[in-house]
Amino acid sequence: MELCGGPDGFVSDIVLALEAVDKRFGGTTALTKASLTVRRGTLHAVLGENGAGKTTLMRIAFGMQRPDAGVIRLDGRAVRLASSADAMARGLGMVHQHFTLVPAMTAAENIALGGRGMFSRRTVDARVASLAERAGLPVDPAARVSTLGVGAQQRVEILKALARNARILILDEPTAVLTPSEIEELFTWLRRFVAGGGTTVLITHKLTEALTLADDITVLRRGRDVLSAPAAGLTVNRLVDAVTGDSDGVDTPGLRVTRTPGQIVARLEAAEVRDARGVVRVQPVTVALRAGEIVGVAGVEGSGASDLLRLLAGRLAPSHGIAHLPRHVGFAPEDRHRDALIEEFTLTENFALRDASQRMGVMPWKTLRAQAERVMHAHDVRAPTPDVAASTLSGGNQQKFVLGRELDDRPLLVVADNPVRGLDIRASAHVLRELRETAAAGSAVVIHSSDLDDVLPLADRMLVMFAGRLSEVAVTRDAVARAMIGAA
């Protein structure tokens with residue numbers, strides 16, 4: 001079986017260029033005369049607010065979407081990409097923010113998908129193992145994807161691209177769900193890939209990440225490129241100005257303030273979680289949450305932190321013990337596509353999903369539409385009307401809508417799992433400020449983030465999960481980091 005194809009040779013130092021690209025989706029303009037020039041052997045970061053057109057532009061570069069106008073050049077030659085398969089044949093690969101792997105298949109089977117010739121498991125496993133070793137991306141070819149952590153799944157996605165001789169690698173928000181150690185491992189690998197002659201385009205909303213890693217940076221704002229320059233000559237303030245169009249326009253959530261907690265609004269008593277195989281995911285835990293406090297939760301993947309959050313949100317019943325929770329808990333899950341939205345539904349219909357199991361009788365669609373519209377305005381959800389499908393929104397705007405829906409009636413308890421994942425600096429500040437204000441209004445707020453910088457400035461208390469056990473630690477980076485690896 002063939003895993004690789006042969007890309008054309010280089011004829012220009014400009015390996016990828018998009019010139020004056022336009023793209024509309026119905027009544028929504030995604031790109032207007034947007035351009036991007038990527039030099040061979042460099043890492044090029046693409047920044048911009050949610051809805052700025054970053055992902056759309058790179059999907060066009062990868063042949064997933066066709067531009068309404070504009071030119072795509074590879075190695076200086078104008079090309080027409082009929083599909084992503086066409087792009088891959090020309091040496092492009094893309095790792096999407098939401099992985100495209102088949103969970104029931106092995107890593108090797110996923111990498112082999114789309115290949116040619118007779119499939120031989122032994123041969124494919126051997127080739128994937130060899131490729132993983134050469135690339136420096138450790139993956140067990142025989143491991144079922146559903147059993148792999150996020151970092152390992154991302155390595156499989158990269159190997160899928162490398163197996164087809166990708167020389168230009170596009171990564172869409174690759175660090176959004178990685179732990180700090182996994183992020184550093186990815187960065188180390190990307191530097192090695194670029195040093196070996198590869199080219200990387202990195203879509204990110206993290207300015208310091210771009211400045212640290214990238215050779216060149218392009219900023220998109222409202223579908224147009226507004227800045228393109230070497231990273232060495234740029235600063236955070238310059239990028240903030242370019243991303244937002246207003247250097248004074250980004251509000252911050254502020255420093256952690258001292259709050260006086262109120263009465264207990266939720267409590268777990270010796271609550272334990274076992275999975276379908278009987279494996280204990282959360283050891284018996286007893287914890288109380290009080291009105292007006294913000295409780296941070298930290299833990300590496302597989303630590304039990306996700307199960308704890310679902311226990312507190314009422315989305316998971318304890319195997320043993322008791323969970324005393326309010327009648328309504330606002331919950332913003334990490335995976336909005338799987339757990340919070342039906343993408344084919346309109347925003348109004350998605351708003352109606354809140355407390356849907358408690359509704360009876362005729363649906364008050366006029367009222368629900370007005371409520372959805374109010375959430376859109378209050379949380380800067382960029383969509384023309386509440387009547388558009390959720391699938392037409394950018395990932396960040398989908399996340400803002402979900403959080404806005406859950407905060408709309410000021411529930412006594414709010415659980416937010418990675419609520420600023422994939423959001424730009426302005427939207428992140430808005431979301432974190434909303435959570436702080438929700439606590440100030442009397443709700444108990446539980447927030448988990450893979451980035452401790454999102455949690456520590458807000459938290460009154462810090463709970464850390466390690467190997468299914470819960471500990472409460474001081475609200476300091478050192479104390480939390482040590483507890484996350486079991487060294488507390």
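Hydrogens, waters and symmetry mates are skipped; everything else that's a heavy atom, side chains included, is used.
Checked by atom type and distance alone, the side chain of T212 pairs as donor or acceptor with a backbone atom of T208 at under 3.5 Å. A donor-acceptor pair under 3.5 Å is formed between the side chain of S35 and the backbone N or O of A20. D241 places no side-chain N or O within donor-acceptor distance of the main-chain N or O of N237, the cut-off being under 3.5 Å. When atom types are taken as modelled, the side chain of R405 and the backbone of N350 share a donor-acceptor pair closer than 3.5 angstrom. Within the 3.5 Å criterion, the main-chain N or O of E184 finds a donor-acceptor partner in the side chain of T188. The main-chain N or O of R336 is never found under 3.5 Å from a side-chain atom of Q398 such that the two would form a donor-acceptor pair. No donor-acceptor pair under 3.5 Å is formed between the side chain of N418 and the backbone N or O of E334. Proximity of a side-chain donor or acceptor of T199 to a complementary backbone N or O of G41 within less than 3.5 Å is detected. For W365 (side chain) and E349 (main-chain N/O), no donor-acceptor pair under 3.5 Å exists by modelled atom type. Not a single donor-acceptor pair under 3.5 Å links the side chain of K23 to the backbone N or O of T56.
Heavy-atom minimum distance, A352 versus M363: CB-CE, 3.7 Å. Summarising the geometry of T346 relative to P386, their closest heavy-atom pair is CB-O, 3.6 Å, with the distance given to 0.1 Å. A383 approaches V388 most closely through the heavy-atom pair CB-CG2, 4.0 Å. Across every non-hydrogen atom of L81 and R66, the tightest pair is O-NE, 4.3 Å. I60 approaches P67 most closely through the heavy-atom pair CG2-CD, 3.8 Å. A166 and G93 make their closest contact through CB-N, 4.0 Å (heavy atoms, listed as atom of the first residue, atom of the second, distance).
At a threshold of 4.5 Å between non-hydrogen side-chain atoms, the residues D408 and R374 count as touching. Residues L435 and I294 are not in side-chain contact: their nearest non-hydrogen atoms beyond the backbone lie 4.5 Å or more apart. The side-chain heavy atoms of H430 and H379, taken from C-beta on, include a pair separated by under 4.5 Å. V295 is not listed as a side-chain neighbour of V445, based on a closest heavy-atom distance of 4.5 Å or more. Counting heavy atoms from C-beta on, the side chains of I168 and H44 never come closer than 4.5 Å. P138 places a side-chain heavy atom less than 4.5 Å from the side chain of R155. Put simply, the side chain of F351 does not reach to within 4.5 Å of the side chain of R369, judged on heavy atoms. Between L413 and S443, every side-chain heavy-atom pair lies at or beyond the 4.5 Å cut-off.
Classification of D216 and R39 as a salt-bridged pair holds, one side-chain N sitting under 4.0 Å from a carboxylate O. Salt-bridge annotation for R354 and E406: absent, with no side-chain N of the basic residue lying under 4.0 Å from a carboxylate O of the acidic one. Comment: K54 does not engage D225 in a salt bridge, judged by the lack of any side-chain N to carboxylate O separation of less than 4.0 angstrom. Salt bridge status for E373 with K366: absent, with no side-chain N to carboxylate O gap under 4.0 Å. Here D68 does not pair with R24 in a salt bridge; the nearest charged N to carboxylate O distance is not below 4.0 Å. The pair D172-R59 does not count as a salt bridge, with every side-chain nitrogen at least 4.0 angstrom from each carboxylate oxygen. Taking a cutoff of 4.0 Å between a charged side-chain nitrogen and a carboxylate oxygen, D86 and R80 do not qualify as a salt bridge. Contact check on R224 versus D22 returns no salt bridge, with no Lys/Arg side-chain nitrogen under 4.0 Å from an Asp/Glu carboxylate oxygen.
Between the side chains of R410 and T438, at least one donor-acceptor pair of N or O atoms lies under 3.5 Å. Counting only N and O atoms by type, the side chains of D215 and T42 include no donor and acceptor under 3.5 Å apart. A donor-acceptor contact under 3.5 angstrom links the side chains of E209 and T204, judged on distance only.
With rounding to the nearest 0.5 angstrom, the OG1 atom of T55 is 10.0 Å from the CG atom of L220. Of the inter-residue distances, the one linking T106 atom OG1 with I111 atom CD1 reads 8.5 Å to the nearest 0.5 angstrom. Remark: L347 CG to D387 CG distance equals 8.5 Å, nearest 0.5 Å. We find the CD-OG distance between Q399 and S428 to be 10.0 Å, quoted to the nearest 0.5 Å. To the nearest 0.5 Å, atom CG of residue D380 and atom CG of residue N397 are 7.0 Å apart. For the atom pair H448 NE2 and D454 CG, the distance stands at 10.5 Å (nearest 0.5 Å).
Shown are L234, T218, V243; of these, the side chain to side chain contact (heavy atoms under 4.5 Å, CB included) with L227 is made only by L234. Applying side chain to side chain contact (heavy atoms under 4.5 Å, CB included) to V46 and the options I217, L202, I170, L36 leaves one that passes, L36. Considering R40, R90, M58, R73 in turn, M58 is the only one that fulfils the side chain to side chain contact (heavy atoms under 4.5 Å, CB included) rule with L16.
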Legend entry - I447 and V297: CA distance, side-chain angles, deciding distance, side chain to side chain contact (heavy atoms under 4.5 Å, CB included) verdict: CA-CA 6 Å; I447 176 174; V297 174; over 6 Å; no
Inset, instruction - Assess whether side chain to side chain contact (heavy atoms under 4.5 Å, CB included) is satisfied between L211 and T235, documenting all intermediate values. - result: CA-CA 8 Å; L211 287 171; T235 64; 5.7 Å; no
Legend entry - CA sep, side-chain torsions, deciding dist, call: E157, L101, side chain to side chain contact (heavy atoms under 4.5 Å, CB included): CA-CA 7 Å; E157 288 278 19; L101 303 174; 3.6 Å; yes
Inset, instruction - Evaluate the salt bridge (charged side-chain N to carboxylate O under 4.0 Å, His left out) criterion for residues D307 and R315: first the C-alpha distance (whole Å), next the side-chain angles of each, then the deciding distance (0.1 Å), finally the verdict. - result: CA-CA 9 Å; D307 297 294; R315 270 57 173 185; over 6 Å; no
Inset, instruction - Please assess L18 against V71 for the test side chain to side chain contact (heavy atoms under 4.5 Å, CB included), listing each intermediate value before the final yes or no. - result: CA-CA 6 Å; L18 295 103; V71 177; over 6 Å; no
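A 6.0 Å sphere centred on CZ of R238 holds no more than 12 heavy atoms belonging to other residues, nucleotides or ligands. More than 12 heavy-atom neighbours from other residues, nucleotides or ligands sit within 6.0 angstrom of CZ on F187.
For T147, the side-chain hydrogen bond (donor to acceptor under 3.5 Å, both in side chains) test picks out no residue, with sequence neighbours left out.
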